[in-house]
Number of protein chains: 2
Amino acid sequence: MSASKTRRQIVDVADRLFYEHGFDATSFADIARDVGLSRGNFYYHFKTKDEILAAVIAQRAARTRAMLEAWEQDAASPGERIRSFVHLLIANRTKIMAHGCPVGTLCNELAKLDHMAKDDAVRLFSLFRNWLSRQFAALGRDADADALALHVLMRSQGVAALATAFRDEDFIRREVADMETWLQAQCPAASFGHSRQPV
Amino acid sequence: MSASKTRRQIVDVADRLFYEHGFDATSFADIARDVGLSRGNFYYHFKTKDEILAAVIAQRAARTRAMLEAWEQDAASPGERIRSFVHLLIANRTKIMAHGCPVGTLCNELAKLDHMAKDDAVRLFSLFRNWLSRQFAALGRDADADALALHVLMRSQGVAALATAFRDEDFIRREVADMETWLQAQCPAASFGHSRQPV
DNA sequence: GCATTTGTAGGGCAAGCGTCCTACAATGGC
DNA sequence: GCCATTGTAGGACGCTTGCCCTACAAATGC
């Protein structure tokens with residue numbers, strides 16, 4: 001098997017395990033077992049655990065960028081794009097109720113561990129923050145675009161945190177609906193499309 | 001030194017270390033060092049690490065209950081009481097920016113570790129949830145009191161999460177002010193006291 | 001002043017950690 | 001068909017973990 005393919009497998013598995021069990025609680029052996037590699041052979045692909053973390057964060061950043069660009073293409077209006085973001089909460093509800101927001105929980109853990117890569121993880125947040133900010137600016141809210149972006153991000157983090165604690169799917173849908181109402185109120189003139197009822 | 005006093009010291013130190021570095025990353029040795037006890041002697045006071053965690057959670061629950069009762073006494077109106085809760089974000093801003101919300105981060109970590117005590121940690125959330133719910137009910141919002149309580153809890157969790165990531169004190173004050181405005185709008189008839197400007 | 005309880009010190013245990021090394025199988029260029 | 005490169009297996013390393021034990025000091029009861 002080619003090295004790059006094995007490497008990608010390692011990063012995929014590590015990504016999943018870091019999300020499900022946390023970075024610190026995931027051991028080299030755990031990743032190796034799931035990839036089907038011998039423990040020691042890891043050294044060939046990744047010298048240290050931190051190196052794996054860096055690769056995982058880089059991959060998440062790349063995928064996030066791709067997702068945001070796709071929304072930029074697909075969604076008709078900035079308002080629709082923001083709705084796409086908000087609806088991530090519903091699309092990923094099962095995983096969120098089990099393990100929280102991948103970005104938020106990673107940032108929290110790395111902050112507690114006072115880990116080098118902490119700032120890199122926060123940069124994942126910044127991707128969303130800047131993208132949301134641009135959408136709000138496009139809606140004519142240039143003056144407070146960044147504050148609005150942080151507000152949306154804040155809400156989704158809060159929803160994810162409580163959804164994990166209480167495992168309440170209705171709560172998620174209720175708060176998403178509330179965010180949509182809020183969104184409409186922010187830019188009454190803008191077209192947000194038809195406000196679909198949550199399923 | 002009396003056993004109960006040493007025990008209390010252990011729980012206090014463990015509480016702090018669990019908050020600052022997380023449960024998993026805090027070792028027996030770390031706690032022992034900070035208390036000034038020999039490593040091995042822990043066995044006398046606590047058989048297992050989980051036992052320490054249970055004691056820490058129990059202490060947090062007791063202190064939370066005491067705080068909520070104090071607010072019940074001090075604050076004139078239910079609205080003022082809810083404000084007391086919201087202003088925790090500002091009062092504890094430094095610690096929150098460094099280590100997040102003590103309850104939220106603990107729940108997240110225990111969920112990832114799939115730890116026995118997970119539900120006990122969530123019960124800390126429920127203390128706030130039920131208390132807030134009672135305040136909203138007292139404001140005449142019986143029908144959706146619990147949903148409103150969850151909404152307030154959700155917001156404070158979101159603010160704490162992003163405050164940790166971006167270390168932005170202004171963001172905290174802005175969102176607290178926004179929550180106060182929202183609060184006024186929820187129960188226009190109720191007395192919320194004068195809306196102080198955040199310092 | 002002796003005996004029992006209460007609390008502490010220090011170290012040992014097996015297991016697991018991240019890391020690192022060496023030996024070997026598979027592959028592809030020449 | 002030989003050789004260098006690429007990738008893998010398996011285990012050893014030093015360390016730390018949670019946990020447990022025994023020996024001893026200090027306090028307490030009678």
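Fair warning: this is a prediction, and the values are worked out from it, not measured in the lab. Side-chain atoms are counted along with the backbone in the values below, which use heavy atoms only and exclude waters and symmetry mates. Chain naming here is simple, since letters A, B, ... match the order of the sequence lines and numbering starts at 1 in each.
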Under 4.0 angstrom between [X] side-chain N/O and [N] OP1 or OP2:
| X | N | value |
| --- | --- | --- |
| A:His45 | D:dT6 | no |
| A:Thr6 | D:dT8 | yes |
| B:Tyr44 | C:dT8 | no |
| B:Ser27 | D:dT16 | no |

State which of [options] makes the closest approach to the side chain of [X].
| X | options | result |
| --- | --- | --- |
| A:Lys49 | D:dA9, D:dC21, C:dT19 | C:dT19 |
| A:Ser38 | D:dG10, D:dC20, C:dG18 | D:dG10 |
| B:Phe28 | C:dT8, D:dC21, D:dG18 | D:dG18 |

[atom1] of [X] versus [atom2] of [N]: gap in Å, rounded?
| X | N | atom1 | atom2 | answer |
| --- | --- | --- | --- | --- |
| A:Ile31 | C:dG16 | CD1 | C1' | 15 Å |
| A:Asp24 | C:dG16 | CG | P | 17 Å |
| A:Ile10 | D:dG7 | CD1 | P | 11 Å |
| B:Tyr43 | C:dG12 | OH | P | 19 Å |
| A:Leu37 | D:dG10 | CG | P | 11 Å |
| A:Arg7 | D:dT8 | CZ | P | 13 Å |
| B:Phe42 | D:dC21 | CZ | P | 18 Å |
| B:Leu17 | D:dT17 | CG | P | 12 Å |

Does NZ or CZ of [X] come closer than 6.0 Å to the centre of the six-membered ring of [Y], within 45° of the ring's axis?
| X | Y | value |
| --- | --- | --- |
| B:Lys112 | A:Phe23 | no |
| B:Arg83 | B:Trp71 | no |
| A:Arg129 | B:Phe166 | yes |

Query raised in the report: Aromatic rings B:Phe85 and B:Phe128: how do their planes relate, parallel, tilted or perpendicular, breaks at 30° and 60°?
Result: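 Judged by the thresholds at 30° and 60°, the geometry between B:Phe85 and B:Phe128 is tilted.
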Query raised in the report: Cut-off 3.5 Å, side chains only: do B:Asp30 and B:Ser27 have a donor facing an acceptor?
Result: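 Side chains of B:Asp30 and B:Ser27: pair found under 3.5 Å.
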Requested in this report: Using heavy atoms to find the nearest nucleotide of DNA chain C for A:Ala29 and A:Lys47 separately, return the residue whose nucleotide is more 5′.
Outcome: A:Ala29
